[in-house]
Amino acid sequence: MLVDTSVWIDYFRSGHQSAELDVLIDLDIIVTNDLILAELIPFLKLKHQVKVIQLLSEIKRIPLKIDWDDIIESQWLCLKSGSNGIGIPDLIIAQNAIKNSCEVFSLDKHFLMLSQILGIKLYQTQNLSP
């Protein structure tokens, strides 16, 4: 399961999905990619969160092999469906999830739109308790 930046931010702030992500981490079923880490790590460095950066770096990374023609096609499909606020980073994360047969755990409404337009699989929160 590919955990999006929005979930990590919520987790670091002890938000609503913190306990659920704790369980998923314990189950060792989460993955990340370099784009998500690039969104998270600079802020963590600024806050001197060395241990958190180290822990994030230990999560299995799935490789990013960007197919730019596919990104262009995906952006066109989004625009065609009236969703013009979806950024390239979200499209890259969606493509990465599809290519690696991963569900995406996200709190970002763009991924709900991407599930309808591109068919990405979204993780449905279970309100798991440890």
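Keep in mind the model is a prediction, meaning the values are calculated, not measured.
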What's the spacing between [X] [atom1] and [Y] [atom2] if we round to 0.5 Å?
X	Y	atom1	atom2	value
Glu73	Lys80	CD	NZ	8.5 Å
Ile62	Ser101	CD1	OG	9.5 Å
Ser81	Gln116	OG	CD	8.5 Å
Leu24	Tyr11	CG	OH	10.0 Å

List for me each residue that meets side chain to side chain contact (heavy atoms under 4.5 Å, CB included) alongside Trp68, sequence neighbours excluded, and say none if there are none.
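For Trp68, the residues satisfying side chain to side chain contact (heavy atoms under 4.5 Å, CB included) (neighbours in sequence not counted) are Ile66, Ile71, Ile88, Ile92.
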
Among residues at least two apart in sequence or on other chains, which ones pass side chain to side chain contact (heavy atoms under 4.5 Å, CB included) with Ile59?
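Partners of Ile59 by the side chain to side chain contact (heavy atoms under 4.5 Å, CB included) criterion, ordered by chain and then number, come out as Trp8, Ile30, Thr32, Leu56.
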
Output all residues satisfying side chain to side chain donor-acceptor pair (under 3.5 Å) with Asp34, sequence neighbours left out; order by chain, then residue number.
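Expected list: Arg61.
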
Consider only side-chain heavy atoms of I, L, V, M, F, W and Y, link residues closer than 4.5 Å, and tell whether [X] and [Y] are in one cluster.
X	Y	value
Val31	Ile29	yes
Ile72	Met113	no
Leu21	Val23	yes
Leu55	Leu2	no

Could you report the tightest heavy-atom contact between [X] and [Y], atom names first, then the distance?
X	Y	answer
Glu20	Gln124	OE2-O, 4.5 Å
Ile120	Ser115	O-CB, 3.3 Å
Lys65	Gln95	O-OE1, 3.8 Å

Are Leu91 and Leu118 close enough, and set up right, to give a side chain to side chain contact (heavy atoms under 4.5 Å, CB included), and what steps lead you there?
CA-CA 10 Å; Leu91 292 173; Leu118 303 179; 4.2 Å; yes

Under a 3.5 Å cutoff, is there a donor and acceptor pairing between the side chains of Ser106 and Asp108?
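Ser106 vs Asp108: no donor-acceptor pair found between side chains.
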
With sequence neighbours excluded, give me every ring pair (Phe, Tyr, Trp, His ring centres under 6.0 Å) pair touching residues 75-116.
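For residues 75-116: Phe105-Tyr123.
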
Sequence neighbours excluded, which residues qualify as salt bridge (Lys or Arg N to Asp or Glu O under 4.0 Å) partners of Asp70?
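Asp70: no salt bridge (Lys or Arg N to Asp or Glu O under 4.0 Å) contacts found.
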
Side-chain donor-acceptor contacts of residues 35-52 below 3.5 Å, not counting sequence neighbours, with atom names and distances?
from, atom 1, to, atom 2, distance (Å)
Glu39, OE1, Thr5, OG1, 2.4
Gln49, NE2, Lys47, O, 3.4

Side chains of Cys78 and Leu114 in contact at under 4.5 Å (non-hydrogen atoms):
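They are in contact (side-chain heavy atoms under 4.5 Å apart), so the answer is yes.
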
